[in-house]
J.: 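Take a look at this one; I'll ask things after.
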Amino acid sequence: MGMWAGAAMSKSEAAPMIHQFTLDTLECNLTSFIMSWLAVNANGERYGAEMPFEPMLTNARMNTPGNVAWSIFDSDYEKYIMQQQPERFDRFTDGLDAVMEKWLGNGKLIKADTLEDLAKQLDIPADTFKATVERYNSMADAGEDIDFDVPAQWLAPVKTAPFYATKNVCSTLTIPFGLHVNADSQVLTAEDEPIAGLFAIGNVQGDFFGKDYPVHCPGVSHGRCVTFGQLVGEACAKGTTIGELDFA
């Protein structure tokens, strides 16, 4: 409708809001959406910083060979849940055993007594995978991730059998991209001229993100809806623009 009124589309690139999140995450908190486990690609190689909610890992995940990636953890997983999520440990572990058995039954969780067998089940090169695990473990023991700079609290060594793997699956929630606007949230033409009386906020507002959605900035989506909504409302009520409002 904005374009019918002469508006242009955002001149910045679209920024997909992609998370390592599926409906399965709601059932089990061992997925990479919540936990920082060793992440490997189809070549058995580590491919990024495993910090949950970080867009860098999601972007790296979307570029893995064959669009395949796995989270790897061992039978000491409760220890690392406590280490990484101490405030939520009880909630995360309540009923976890039953869910894991269910996932083992439907193939969402892979279990093996050796790293070699786990690699075989995942169809990844065993030698490369074992070398990746050994390097990751050595850095976790030293408390310093010299490859991807994951803080020591979020490193979870893979040492104690049995070993587990879950797929790292990404889902697109929305794509923040919309009409071309200025700093006053006024909708603009292709020539950057404001269209009188037309404003855009929230996910219909373009020119806010560029290429990437920063998931490490809490409230950035709802926050801009609420903030610009109020500012535009005040400006319209006073017959002015956001930039001309008096906040004294």
Side-chain angles (χ1 to χ4, degrees), residues 1-23 25-26 29 31-36 48-63 84-88 91 148-151 153-154 169-248:
M1 289 188 291
M3 295 182 72
W4 291 341
M9 289 298 288
S10 172
K11 294 187 177 182
S12 64
E13 297 186 44
M17 189 189 300
I18 302 174
H19 296 287
Q20 292 192 134
F21 173 86
T22 67
L23 291 178
T25 303
L26 301 177
N29 290 302
T31 66
S32 58
F33 184 68
I34 298 293
M35 295 298 300
S36 177
E50 295 91 352
M51 295 292 293
F53 309 114
E54 285 291 346
M56 290 76 75
L57 180 63
T58 303
N59 293 344
R61 162 63 186 82
M62 299 301 288
N63 289 282
Q84 297 181 22
Q85 304 281 355
E87 298 85 1
R88 296 187 280 184
R91 177 161 61 89
F148 295 106
D149 204 29
V150 172
Q153 177 188 349
W154 298 91
V169 181
C170 297
S171 297
T172 301
L173 302 184
T174 187
I175 301 179
F177 184 71
L179 299 175
H180 183 36
V181 299
N182 60 17
D184 292 321
S185 291
Q186 293 175 296
V187 176
L188 308 177
T189 66
E191 291 73 34
D192 300 327
E193 293 294 330
I195 299 174
L198 190 59
F199 301 84
I201 62 170
N203 285 337
V204 75
Q205 175 194 64
D207 303 300
F208 195 86
F209 303 106
K211 296 186 179 181
D212 194 17
Y213 177 83
V215 296
H216 56 282
C217 183
V220 68
S221 185
H222 289 84
R224 71 178 179 129
C225 293
V226 173
T227 302
F228 283 102
Q230 177 172 335
L231 292 175
V232 167
E234 291 183 12
C236 287
K238 297 176 181 179
T240 185
T241 64
I242 294 176
E244 295 171 334
L245 286 173
D246 183 7
F247 295 103

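Because the structure is predicted, anything quoted here is derived from the model rather than measured.
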J.: Donor-acceptor pair, Ser12 side chain versus Phe209 backbone, under 3.5 Å?
T.: yes
J.: What's the separation between atom CE in Met51 and atom CZ in Phe148, rounded to the nearest 0.5 Å?
T.: 14.5 Å
J.: Once side chain to side chain contact (heavy atoms under 4.5 Å, CB included) is applied, do any residues pair with Ala14, and if so which ones, sequence neighbours excluded?
T.: Ile175, Phe177
J.: Looking at every heavy atom in both Met62 and Cys170, which two are closest together, and how far apart are they?
T.: SD-CB, 3.6 Å
J.: In a table with atom names and distances, give each donor-acceptor pair under 3.5 Å that connects a side chain of residues 225-235 to protein atoms at least two apart or in another chain.
T.:
unit_1 : atom_1 : unit_2 : atom_2 : d
Thr227 : OG1    : Gly223 : O      : 2.8
Gln230 : NE2    : Glu234 : OE2    : 3.0

J.: Restricting to side-chain hydrogen bond (donor to acceptor under 3.5 Å, both in side chains), what partner residues turn up for Thr241, sequence neighbours left out?
T.: Glu244
J.: Applying side-chain hydrogen bond (donor to acceptor under 3.5 Å, both in side chains), name anything that partners Ser185, two or more places apart in sequence or on another chain.
T.: Gln205
J.: Give the minimum heavy-atom separation between Leu179 and Ala7, together with the two atoms involved.
T.: CD2-CB, 4.1 Å
J.: Who passes side-chain hydrogen bond (donor to acceptor under 3.5 Å, both in side chains) against Gln84, sequence neighbours left out?
T.: none
J.: Please identify each residue that fulfils side chain to side chain contact (heavy atoms under 4.5 Å, CB included) with Glu87, with sequence neighbours left out.
T.: none
J.: Side-chain donor-acceptor contacts of residues 188-200 below 3.5 Å, not counting sequence neighbours, with atom names and distances?
T.:
unit_1 : atom_1 : unit_2 : atom_2 : d
Thr189 : OG1    : Glu191 : N      : 3.2
Thr189 : OG1    : Glu193 : N      : 3.2
Asp192 : OD1    : Lys11  : NZ     : 3.0
Asp192 : OD1    : His180 : NE2    : 2.6

J.: Report the residues that fulfil side-chain hydrogen bond (donor to acceptor under 3.5 Å, both in side chains) with Asn63, sequence neighbours left out, ordered by chain and then residue number.
T.: none
J.: Who passes ring pair (Phe, Tyr, Trp, His ring centres under 6.0 Å) against Phe208, sequence neighbours left out?
T.: none
J.: Kindly compute the distance separating CE (Met35) from OG (Ser32), expressed to the nearest 0.5 Å.
T.: 11.0 Å
J.: If you look at every heavy atom in Asp184 and Gly243, which pair is closest and at what distance?
T.: OD1-N, 2.8 Å
J.: Please report the shortest heavy-atom distance between Ser36 and Glu50, naming the atom on each side.
T.: OG-O, 3.3 Å
J.: Answer yes or no: is there a donor N or O on one side and an acceptor on the other, between the side chain of Ser10 and the main chain of Asp207, under 3.5 Å?
T.: yes
